[in-house]
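Heads up: the structure comes next, in structure tokens.
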Amino acid sequence: MDRLYISDILNDGFVDKDVNIRGWVYRWRESGPLVFVVIRDSTNIIQVIFERSSVDEKTFEMAKKLTIESSVEISGKLVKQNKAPTGYEIQAKSIKVYHLAEPFPITKDKSDEFLLDIRHLWLRSREMTATLKIRETLMEAARDYFNEHFYHEVTPPMFVGAAVEGGSTLFEVPYFGEKAYLTQSSQFYLEAFIFSLESVYTIQPSFRAEKSRTRRHLTEFTHLEAEAAWIGNQGMIDFEEELIIAIAQALIEKRKEELKILKRDINVLKNIEKPFYRYPYEKIIEIGRSKGMALEDVVDLGEKEEREITADFDKPIFVYNYPKVLKPFYHRPDPEDPNHVLCHDMLAPEGYGEVIGGGERIWSKDELINRILEEGLNPEDYQWYIDLRKYGSVPHSGFGLGVDRTVTWLAGLDHIKNAVPFPRTIRRLKP
RNA sequence: GCCGCCGUAGCUUAGUGGGUAGAGCACCCGGCUGUUAACCGGGAGGUCACCGGUUCGAGCCCGGUCGGCGGCGCCA
């Protein structure tokens, strides 16, 4: 008999038919001559019942000995059963045990810390499984959206020789007697690709060595970055808005069950529709002040401020044209207002805060060199980046989206660690 | 980096006027004909993070070390 996936047999079409499944023991309990076993596979869970009166003694004894997480193959008749957790039940006829598991360390009482220590086992939980599927669908939806818009996927290097942005701290790694660094952003490399492929994107890890201890920072995170020729700041905002909507739609279509497992209200995602809020930088400061914050005219918002400002919003907020002093040198100053740059951040609502940063890049060689000098940096360190402005330079824009932050927001999680299979933080490198 | 909190059985934890360390889950044994991280009875399981000090006596008081969590700062 061919093995079937659990999600495929949870329907009336298989009732009274013999089915064969493989998976792991998720729950086990006995009551006299009955043994109830809930089996989990990659698709869902289903209850199996072993009755002493209807299976041979050897099979029943084996069912009685099963332990949580044992790997098994079970055959039996599918029936409808309201008392079973997913509405159907298999009346077992036979079982093959591949491995009788040792006592599983995860029980009903568990702390966040413990779950991080045994992350390699916690990955099997329904919560993590649901989160991983949501991550996958999010990236798949993004790739589909990029492909529909003729973006090419590229793979920039992760070993780099120098920083992209002055501010961030880099991880240094030995490199055959020289120093190399782990990339903190692929932006500069993506800019190199646009002169042939025009529109490009990548989904790769970025690394930041900041000693940040907040619910939205990791030292290694999945970075979705894009860069496109012939597009300006506002055009890029339009593009990102549709990207986020495409992702939300994909989750609504394909991940209803997983969102339910994570207790995320799907109506929140259904509400992610055009138009998002769009405010110039000064307006967001005004909103902060209206909530009682003491904010200077020109100030970087902290995590706490962002959380409070976005708390009452129901849709993402684009904040554009920040004061020049707050942003890295490569952002293009607004020709109409040189103290501001043509950039934007997208803040997720409900307190989640920044998930996208992007904008239009300086495309004039001389302007770029002037901005590098103005920031006290050395143009020699950016030789190849400046080189790109010498041979048919074009207006272009790009953005970077934190995949893990976006998952945290859309899945309604409380901490970025829960959006990542093996989170890396300042104090955690294992497992 | 700064501030705060925490470290007792595999897990979650109770336990300060200093006086033999207690429970639930998991595990083992037994019971139960519809269980929902079941229930009932029994059993086993502890260098109370580590080092030092005070004391007749320290899980508890004092000093230090290590590890973790949360917040701030930094940052995407």
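From a predicted model like this one, the values you see are computed outputs, not experimental measurements. Chain naming here is simple, since letters A, B, ... match the order of the sequence lines and numbering starts at 1 in each. Excluded from the calculations below are hydrogen atoms, water molecules and symmetry mates; all remaining heavy atoms, backbone and side chain alike, are included.
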Sticking with atom [atom1], work out how far [N] lies from [M], rounded to a whole angstrom.
N     : M     : atom1 : value
B:G57 : B:G17 : C1'   : 15 Å
B:U13 : B:C28 : C1'   : 23 Å
B:C3  : B:A76 : C1'   : 25 Å
B:A14 : B:C6  : P     : 11 Å
B:A58 : B:G18 : C1'   : 6 Å
B:C40 : B:U36 : P     : 11 Å
B:A44 : B:C29 : C1'   : 10 Å
B:U20 : B:C39 : P     : 32 Å

(message) Looking only at side-chain N and O atoms, does A:Asn11 offer a donor or acceptor that is under 3.5 Å from a partner on A:Tyr88?
(response) no
(request) Would you tell me whether A:Glu282 and A:His340 have side-chain atoms, one donor and one acceptor, within less than 3.5 Å of each other? (result) yes
(message) Check this for me: does the side-chain of A:Glu30 come within 3.5 Å of the base of B:U35 through a donor and an acceptor?
(response) no
(request) Kindly indicate whether the side chain of A:Glu89 and the base of B:G34 share any N or O donor-acceptor pair separated by less than 3.5 Å? (result) yes
Any salt bridge between [X] and [Y], counting N to O under 4.0 Å?
X        : Y        : value
A:Arg389 : A:Glu191 : yes
A:Arg255 : A:Glu136 : yes
A:Lys304 : A:Glu308 : no
A:Asp297 : A:Arg289 : yes

Could you state the atom-to-atom distance from [atom1] of [X] to [atom2] of [N] in whole Å?
X        : N     : atom1 : atom2 : answer
A:Ile46  : B:U36 : CD1   : P     : 19 Å
A:Asp112 : B:U13 : CG    : C1'   : 16 Å
A:Arg29  : B:U35 : CZ    : C1'   : 5 Å

(request) Begin from the C-alpha positions of A:Tyr277 and A:Asp314 and carry the test side-chain hydrogen bond (donor to acceptor under 3.5 Å, both in side chains) through to its verdict. (result) CA-CA 10 Å; A:Tyr277 301 95; A:Asp314 56 348; 2.9 Å; yes
Have a look at [X] and say if it touches a base, only the backbone sugar-phosphate, or nothing, with a 4.0 Å heavy-atom cut-off.
X        : value
A:Glu102 : nothing
A:Ile426 : nothing
A:Tyr26  : nothing
A:Ile106 : nothing
A:Arg52  : nothing
A:Thr214 : base
A:Thr107 : base
A:Glu51  : nothing

(message) Looking only at the aromatic ring of each residue, does the gap between the centers of A:Tyr98 and A:Trp24 stay below 6.0 angstrom?
(response) no
Do any side-chain nitrogens or oxygens of [X] fall under 4.0 Å of OP1 or OP2 in [N]?
X        : N     : answer
A:Lys64  : B:C32 : no
A:Arg213 : B:G1  : no
A:Arg405 : B:A76 : no
A:His415 : B:G70 : yes
A:Ser31  : B:C32 : no
A:Lys83  : B:U36 : no

May I ask which nucleotide in the shown strands pairs with [N], Watson-Crick or G-U wobble, both distances under 3.5 Å?
N     : answer
B:U20 : none
B:G34 : none
B:G4  : B:C69
B:C50 : B:G64

(request) Report the residue (A:Trp28 or A:Leu301) whose heavy-atom-nearest nucleotide on RNA chain B is the more 5′ of the two. (result) A:Trp28
(request) Nearest-nucleotide wise, let me know which of A:Lys417 and A:His223 is further upstream toward the 5' end of RNA chain B. (result) A:Lys417
[X] side chain: which of [options] is closest?
X        : options             : answer
A:Pro85  : B:C25, B:U33, B:U36 : B:U36
A:Arg428 : B:G68, B:C25, B:U36 : B:G68
A:Arg307 : B:C72, B:G73, B:G24 : B:C72

(message) Is the base of B:G34 stacked against the aromatic ring of A:Phe36, taking ring centres under 5.5 Å apart and planes under 30° as the test?
(response) no
